[in-house]
Amino acid sequence: MTINVALLLAVIIVVRLRRRTEARSRFDEKLTVVIVLVFGVLIAPTSFGQGLLNAVGQLARSISQAGGF
């Protein structure tokens with residue numbers, strides 16, 4: 001059985017973000033940021049990551065055109 005590292009990190013992120021904000025230390029918050037960054041690097045070259053990038057790009061373009069920026 002193989003474990004997809006990106007999927008494992010996604011589960012870890014969801015579990016960590018479900019915790020109460022008051023229970024987190026600064027180190028805990030920094031660790032969560034690092035985990036999310038690694039997750040982003042892992043999914044970036046995949047087709048899912050490219051699709052997500054395109055969707056966010058289109059959303060940003062539509063917001064900037066609607067706002068006149």
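These values consider heavy atoms only, across backbone and side chains, with no hydrogens, waters or symmetry-generated copies.
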Show me, pair by pair, the donor-acceptor contacts under 3.5 angstrom made by side chains of residues 46-55, not counting sequence neighbours?
residue : atom : partner : partner atom : Å
T46     : OG1  : I43     : O            : 2.6
T46     : OG1  : G49     : N            : 3.1
Q50     : NE2  : A44     : O            : 2.8
N54     : ND2  : Q50     : O            : 3.3

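Here L7 contributes atom CG and I12 contributes atom CD1; the two are 10.0 Å apart, rounded to the nearest 0.5 Å. Here the CG-NZ distance, from D28 to K30, works out to 11.5 Å after rounding to the nearest 0.5 Å.
Linking Ile, Leu, Val, Met, Phe, Trp and Tyr residues whenever their side-chain heavy atoms come within less than 4.5 Å leaves V41 and V38 in two separate clusters. Both V5 and L31 are members of a single hydrophobic cluster when ILVMFWY side chains are connected at heavy-atom separations under 4.5 Å.
Side chain of R16 to backbone of E29: no donor-acceptor contact under 3.5 angstrom is found.
No side-chain heavy atom of L8 sits less than 4.5 Å from a side-chain heavy atom of N4.
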Quiz prompt | Residue pair L9, L42: steps toward the side-chain contact (heavy atoms from CB on, under 4.5 Å) verdict | solution = CA-CA 9 Å; L9 281 178; L42 286 175; 3.6 Å; yes
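Nearest heavy-atom pair, F39 versus A6, reported as atom, atom and distance to 0.1 Å: CE1-O, 3.1 Å.
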